[in-house]
Structures are given as structure tokens and as C-alpha cells.
Amino acid sequence: QLQLVESGGGLVQPGASLRLSCAASGATIHSGFTLHYWAIGWFRQAPGKEREKVACISSSDGSTYYADSVKGRFTISRDNAKNSAYLQMNTLEPGDTAVYYCAAAVGVCYDTAAEYDYWGQGTQVTVSS
């Protein structure tokens, strides 16, 4: 069992930056289920909209995916030793306002949310002047 907890959301002005963190527990060497086994994705969901995959980092070679809407502004990273993943968000726009979730899938970055096995509870990001 893998538990994910997001943090780092908040209310910021357009153009500001935030760094979201995703802390994983239950993924330990002793459980034979280390974080490096999992691809980590960041999704977001705005009111009245479908959940959207924003970024993902694979487990095997660390390859990354970004949605076109965030490419060049967001950076995903992971630190397996700390059982954590991060989403650095720069030059935030009002359209980035949403609840952000991290999710884990076995090995690779899948396209749809349904293919991710574990989810955090989400953290709110609001970009407004």
C-alpha cells in the first residue's frame, strides 16, 4: 500500500511560483516496494472540468511528460531517497487554478487517470490578482 500526501499549494498572484511536494509512505526497502518502482504523475482539476494530467516522471529512466499548457513553466522531479516527488510551477497563470493531485502508477507514465493506482488528497492552487 502506498500513501501519497501533497503539500505546497496556496494563493499567489499571476507570475508567481510555487513548489508542490508529494510525500510517499509505505514505499520502503523493507516493504520491497520502493518509490523508484512507481511513475509519479501530477494531475489537476478545476471546478466543472475534467481531471487533467499536467506532468509525469517515469520510474525507469526518469523520462518526463508535460501537458502543452504547462510546458516550459512547470518542472517535475523526484528524489527516491526521500520518497518524494515535486512539481515546480513558475510563471503561474489564472488558468492554473485547480486542485493538484499526485498519483502513482507502476513503472511508466500512463495517459489516463484511471491507470494510476494511488492518489493523494490534493492541494489547492489559486492564482489570482
4.5 Å side-chain heavy-atom contact, [X] and [Y]:
X: W38; Y: Y118; value: yes
X: E52; Y: V70; value: no
X: S69; Y: R44; value: yes

Gap separating the [atom1] atom of [X] from the [atom2] atom of [Y], nearest 0.5 angstrom:
X: I57; Y: I40; atom1: CD1; atom2: CD1; answer: 9.0 Å
X: L2; Y: S25; atom1: CG; atom2: OG; answer: 7.0 Å
X: C56; Y: R78; atom1: SG; atom2: CZ; answer: 8.5 Å
X: D117; Y: E115; atom1: CG; atom2: CD; answer: 9.5 Å
X: T64; Y: F74; atom1: OG1; atom2: CZ; answer: 14.0 Å
X: S84; Y: L4; atom1: OG; atom2: CG; answer: 10.0 Å

Quiz item: Which other residues belong to the hydrophobic cluster containing F43, where Ile, Leu, Val, Met, Phe, Trp and Tyr are joined when side-chain heavy atoms lie under 4.5 Å apart, directly or via other members?
Solution: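 Hydrophobic cluster check, F43: joined to V99, Y101, V108, Y110, Y116, W119.
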
Quiz item: Within a radius of less than 6.0 Å around NZ of K71, do more than 12 heavy atoms belonging to other residues, nucleotides or ligands occur?
Solution: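 Yes - once you tally the heavy atoms of other residues, nucleotides and ligands closer than 6.0 Å, there are more than 12.
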
Self-check item: salt bridge (Lys or Arg N to Asp or Glu O under 4.0 Å): pairs with one or both residues in residues 4-25, sequence neighbours excluded
Solution: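 As it turns out, there is no salt bridge (Lys or Arg N to Asp or Glu O under 4.0 Å) pair with a partner in residues 4-25 once direct neighbours are skipped.
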
Quiz item: Are Y86 and V125 linked, directly or through other ILVMFWY residues, by side chains that come within less than 4.5 angstrom of each other?
Solution: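 Different hydrophobic clusters.
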
Exercise. Give a yes or no on whether V54 and Y65 share a hydrophobic cluster (residues Ile, Leu, Val, Met, Phe, Trp, Tyr; joining criterion: side-chain heavy atoms under 4.5 Å apart).
Key: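 No; tracing contacts between hydrophobic side chains, which count when under 4.5 Å, never links both residues.
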
Exercise. Over all heavy atoms of both residues, which pair between W42 and C22 is shortest? Give the atoms and the distance, please.
Key: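 Closest approach of W42 to C22, heavy atoms only: CZ2-CB, 3.6 Å.
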
Practice problem: Identify the heavy atoms of P14 and S129 that sit nearest to each other, and give their distance. | Solution: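 Minimum heavy-atom contact is CD-N, 3.7 Å.
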
Hey, does the side chain of [X] reach the backbone of [Y] with a donor-acceptor pair shorter than 3.5 angstrom?
X: T97; Y: V127; value: yes
X: Y66; Y: R73; value: no
X: S21; Y: S7; value: no

Quiz item: Can S59 and Y37 be said to form a side chain to side chain contact (heavy atoms under 4.5 Å, CB included), step by step?
Solution: CA-CA 6 Å; S59 67; Y37 180 79; 5.8 Å; no

Only distances under 3.5 Å count here; give the side-chain donor-acceptor pairs of residues 87-95 to other protein atoms, sequence neighbours excluded, each with its distance to 0.1 Å.
unit_1 : atom_1 : unit_2 : atom_2 : d
Q88    : NE2    : N90    : OD1    : 2.9
N90    : OD1    : S17    : OG     : 2.9

